[in-house]
Amino acid sequence: MATRRVPLVLLACGSFNPITNQHMRLFELARDHMHSTGQYQVVGGIVSPVSDGYGKQGLVLAKHRIAMAKLALQSSDWVKVDEWESQQPDWTETVVTMRYHYGRILEQFEQRTVPGPQLKLLCGADFLDTFKIPGLWRDDHVQEVAGRFGFVCVSRGGLEPERAVHESDTLSRHSQNIFLVREWVKNATSATEVRRALRRGMSVKYLIPDSVIEYIHQHNLYTEDSERRNEGTVLRPLAKQAQQPVKSLDD
Amino acid sequence: MEGQSVTKVVLLSCGSFNPITNMHLRMFELARDHLEDTGQYKVVKGIISPVGDGYKKKGLIDAYHRQEMAKLATENSDWITVDTWESLQPVWVETVKVVRHHYNEMLAAEQKNDDVDTVKYAKKRRIEGNYFEDSSHDKRRGGPQLMLLCGADILESFGIPNLWKQDDIAEIVGRYGLVCITRSGNDPHKCIHQSEILWKYRKNIQVVQEWVTNEISATHVRRALRRGRSVRYLLPDAVVHYIQEHDLYSAESEQKNADVVLAPLQKYTGASSS
């Protein structure tokens, strides 16, 4: 009897400031890849925009980022936008968001399937590099994301993701949980570039969906002013991590 | 009139469009932004002209489908259109002829508008009493321009033996003009520098730097489709649906013309299919 495929949900966390065609490509590439392993059946995709509390420079209001993501994904029959993370009072660690969604998936599947469903974090190659940044991730969190859940990491043809895994003991230990997908088409449509083009009054058509372009113009998002938001503010994860040592001393 | 006059431009893009992708469409947007940013141009129209089946390129599917997909892709554009004149010709048509054809069409349209405008301006003069400087004999000088829009790979292809006639290159670049979008790995400036003809007419070549590397090649798209992979978000949704509906692009379709010599090469070297 053929082995049953593991039902798999892909979760992408990020600013989505704004969502672009490239973000949506990640899901398509990841799904194709995981199917081709013969072991997985991708049953859902979740876009989870970060909350305003993240404090990243140029981050526009979550309500706009959510609205744009919804417009962009209107025509998708498997990827959805989830607002839970953006609605939390403070910035939420990635692992906490993953635990939340995993709990919901388990509820949905009610242990009906064997094997049980899995949740993996979908990301680009640059994401794996962030593990190296001091103070950005807690070691035990990296351990949990890599060990308990796993990654599907889409890169643009270089060997950067392999190197990032190699350079991290934690990631190397869980390399069987890290799926590297190569996109041979170089498509550097980053949200940063999209915002830059918008500031300069240049066209972003065909980089992001028309409905999102319309929304941006209607609400006059992405100007020089919006890009200066949070200027000088410490990114929330770094601020939070910096607080931890003091906390444990008090204990 | 307000300050210096602005030249109207029509951008023409020739190619296989097999299939059309978001990158093809991006090229128009980038070119328009670049030209208008100089303050000297106003881009009024974009034309996509898919090549005819007579081109005999390997993997080239029916012109009918390529036209339909291009039309679907430009449904949401208010300035880019698809023109089927080239693809309906019985044999392959040299690019310079396509350029001439569209230039003439553009002039004819301008003439029609002029006839209307002359009446409008005449009325304006009566009302405002302004001296109207522009007149029909100045038309050619400040008149509308047709420019060929292409990627840097086309510029490089000028150097491939027997693919282009030197006279044609001279005419396209000398009389009309080129807007060339860079691609990573191609250096258009080097290309221009290394070619006598291109160097001669370098003032007519606008090089547009694409900072966002966007190499969605149709070749890659066809490969993904053959392998049953998703091409969503590389092409407009309507085009993806069309491809699925008509089951275009398979291993079989890629073999079309496999043993046939490309039309331009056939023409200029007298080579023929085996």
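Each chain gets a letter, A, B and so on, in the order its sequence line appears, and its residues count up from 1. Just so it is clear, the values below take in all heavy atoms, side chains as well, and ignore hydrogens, waters and symmetry mates.
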Check the pair Met27(B) / Glu210(B) against side chain to side chain contact (heavy atoms under 4.5 Å, CB included), numbers first and verdict last. CA-CA 9 Å; Met27(B) 282 173 50; Glu210(B) 182 179 24; over 6 Å; no

Please test Ser175(A) against His166(A) for side chain to side chain contact (heavy atoms under 4.5 Å, CB included), starting from the C-alpha separation and ending with a verdict. CA-CA 9 Å; Ser175(A) 57; His166(A) 168 74; over 6 Å; no

Checking side chain to side chain contact (heavy atoms under 4.5 Å, CB included) for the pair Val9(B)/Leu11(B): CA distance, chi angles, key distance, verdict? CA-CA 6 Å; Val9(B) 172; Leu11(B) 293 171; 4.1 Å; yes

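Of all residues in residues 77-86 of chain B, those placing a non-hydrogen atom less than 4.5 angstrom from a non-hydrogen atom of chain A are Ser77(B), Ile80(B).
Among the candidates His33(A), Lys205(A), Arg200(A), His35(A), the residue making the largest number of heavy-atom pairs closer than 4.5 Å to chain B is Lys205(A). Counting heavy-atom pairs under 4.5 Å between each of Glu36(B), Arg229(B), Arg227(B) and chain A puts Arg229(B) at the top.
With Ile66(A) as the partner, the side-chain contact (heavy atoms from CB on, under 4.5 Å) test is satisfied by one option alone out of Met68(A), Lys70(A), Lys63(A): Lys70(A).
There is no contact between Val194(A) and chain B, counting heavy-atom distances below 4.5 Å. Looking at Thr20(A), neither its backbone nor its side chain comes within 4.5 Å of chain B, counting heavy atoms on both sides. Looking at Asn76(B), the atoms closer than 4.5 Å to chain A (heavy atoms on both sides) sit in the backbone and in the side chain alike.
For Phe109(A), the CZ atom counts as densely surrounded, since its 6.0 Å shell holds more than 12 non-hydrogen atoms of other residues, nucleotides or ligands.
Between the side chain of Arg222(B) and the backbone N or O of Asn18(B) there is at least one donor-acceptor pair closer than 3.5 Å.
To the nearest 0.5 Å, atoms NE2 (His241(B)) and CZ (Arg232(B)) are separated by 6.0 Å.
With respect to the salt-bridge test (charged N to carboxylate O, under 4.0 angstrom), the residues Arg66(B) and Asp53(B) qualify.
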